[in-house]
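First comes the structure, then the notes that go with it.
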Amino acid sequence: MDSNSLISKTATELSGELEAGNCKAVEIAQAYLEQIDRVDGKVHAFLHRDDDDFLAQAKDSDERREKGETLGPLDGIPVCLKDVISVEGQPLTAASKILQDYVSPYDATVTRKLKAAGAVIGGRLNLDEFAMGSSTENSAYGPTRNPWDLERVPGGSSGGSSAAVAAREAPLTLGSDTGGSIRQPASLCGVVGMKPTYGMVSRYGLAAFASSLDQIGPFSQTVEDTALLLETISGHDPLDSTSYPTEVPSYSEVLKQKHEPCTLGLPKEFFGEGMDDEVRTAVEKAIEFYKGKGYEIVDLSLPTTDLSIPVYYVIATAEASSNLARYDGIRYTSRSERAENAVDVYAKSRGEGFGEEVKRRCILGAYGLSSGYYDAYYLRAQKTRTLIRQDFERAFEKVDAILTPTSPTPAFKFGAKSEDPISMYLSDVYTISTNLAGLPGLSVPCGFTQSGLPIGLQLIGKAFNETTLLSIAHDFDRELQFGRQAPNLED
Ligand code: GLN
């Protein structure tokens, strides 16, 4: 099978080809390495590659298959991880200078589960430093470019993970989503991206940003592949105290069964001003599609929506200031060579190692937690967070899922928002409340602008009901398959 045809396939299709004996895992791995060689000079999705290790894992998979010891549908399928997820013996930089020499001493739980499923773990993917941002412009190692238009951002913070799938440099990737960092880049790059319910996927081995919001989740070309990857990485983990003891159904089996149309809610706060016209048109078409399938569409209101960005930036920065205190020039990190005494080690190592946005957030967060301000900021934000969650609970008494655009605009140009943090923060206006409420959310490609930029549709589900959410998304994706279209990266 030629390498162009291999890299255009979904993970589910590749799995079928391996099972039928039509190709080898080593050929798949080689095809992806060739594609990375061909396009990553332009896209810059990868921060680090270990090709020998990648090919060795693929060879192990082929040997297992020859002996009839295949570990499951992901055996032999490449999966690449955002550079905040630990893989033993591999670097983890979080796209920060402060971790430039750090090597993970152990596997994250998701990594361990992927290895146990026979997946072939590939290179490390770019992001905004410590997952803070919406464009990958905050990476200390240079931005990733949107494969659909190299002058534009891929979204963020998991921009390397979304761009790698869009550019066919990997069939599956993982990212993390604290306020939209999986769904927004998925939308801007025209691929499927899902944030599971808080507690569904273990975060053991994930470099923490804001612990009450962070979740790991998949990127892929199709909802079918997302289901396959999600069922592999989900489930209770005693090593993560926030991981929830719940059964993980086989989502990919569920998608094979017929799904009855149900009720979708349109929150009026998500369809107001600030939305690009072409985004609106594409989302309205998707709504018509669902109506045509027999879904009931109801209008609803989530009145606290406009509070979600301020609440998020108090809570997320407070948690970040505490989580990032561990990077002190002594543990994990590179140490300033100019430090002359103990206080200097902390101050100079952090001063030199952290980028501007990370510093801004640590300062903001420490301020919101400081005595005298705690009640006015942090406590008030927590109380408002409860109101946001209750808004969703009321909505879910009437509907099975909520449908919104994922991002108010398609991919924007480099520099368009990087000088203005508030306008950058606003690009997550539709995704942040899902994290504050701990709910599962997914972005599925729903069309393109006239100039060929992808547009994404967001579906938000009930807590721990990934099954319904994936089924609803699959109803759309199975027929329209916008994520299967690939950008042209030839010269
Ligand atoms: N863009 C948001 C931020 O900058 C969300 C990031 C994320 O989900 N990791 O914080």
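Whatever order the structure lists them in is the order used to number ligands and atoms, beginning at 1. Everything quoted here is computed from the prediction, not taken from an experiment.
- The protein heavy atom nearest to atom 1 (N) of ligand 1 is Asp428 OD2, 2.5 Å.
- Looking at ligand 1, you'll find an N or O of Ser134 within less than 3.5 Å of one of its N or O atoms.
- Residues Lys268 and Asp299 are not paired through a salt bridge, judged by the lack of any N-O separation under 4.0 Å between the basic side chain and the carboxylate.
- The shortest side-chain heavy-atom distance between Arg183 and Asn435 falls under the 4.5 Å cut-off.
- For a threshold of 3.5 Å applied to N or O pairs, the pair formed by Gly179 and ligand 1 contains at least one separation below that value.
- Nearest residue to atom 4 (O) of ligand 1 from Glu357, Arg361, Lys82 is Arg361 (criterion: closest heavy atom).
- Counting heavy atoms under 4.0 Å from ligand 1, residue Thr178 touches it through both backbone and side chain.
- Side chain of Ser86 to backbone of Ala108: no donor-acceptor contact under 3.5 angstrom is found.
- Of the residues listed (Val165, Asp477, Thr12, Val191), the one engaging Gln221 in a side-chain contact (heavy atoms from CB on, under 4.5 Å) is Val165, and it is the only one.
- Atoms of ligand 1 lying under 4.0 Å from at least one heavy atom of Met132, given by number and element, are 4 (O).
- Between Asp240 and Arg203 a salt bridge is recorded (basic side-chain N to carboxylate O distance below 4.0 Å).
- Those atoms of ligand 1 with a heavy atom of Ser157 less than 4.0 angstrom away are 9 (N).
- The Phe209 neighbourhood of ligand 1 comprises atoms 9 (N), 10 (O), with distances under 4.0 Å to a heavy atom of that residue.
- The proximity of Ser181 to ligand 1, defined as any non-hydrogen pair under 4.0 Å, involves the side chain as well as the backbone.
- Residue contacts with ligand 1: Tyr425 is excluded, as none of its non-hydrogen atoms falls under 4.0 Å.
- In this structure, atom 5 (C) of ligand 1 lies nearest to the protein heavy atom Tyr312 OH, 3.3 Å.
- Counting the atoms of ligand 1 from 1 in the order shown, those under 4.0 Å from a heavy atom of Ala131 are 6 (C), 7 (C), 9 (N).
- Residues Asp328 and Arg350 are not paired through a salt bridge, judged by the lack of any N-O separation under 4.0 Å between the basic side chain and the carboxylate.
- The part of Tyr313 lying near ligand 1 is the side chain, judged by heavy-atom distances below 4.0 Å.
- A cation-pi arrangement is found for Arg145 relative to Phe414, the charged atom lying closer than 6.0 Å to the ring centre and inside a 45° cone about the ring normal.
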Full working for side-chain hydrogen bond (donor to acceptor under 3.5 Å, both in side chains) between Thr468 and Asp400: CA-CA 8 Å; Thr468 304; Asp400 299 291; over 6 Å; no
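- Both the sub-6.0 Å distance and the 45° axial angle are not jointly satisfied by Lys97 relative to the ring of Phe354.
- Across all their heavy atoms, Pro147 and Pro487 have their closest contact at O-CB, 3.3 Å.
- Heavy-atom distances between Gly180 and ligand 1 reach below 4.0 Å in at least one pair.
- Checking only distances, Gly133 does come within under 3.5 Å of ligand 1, N or O to N or O.
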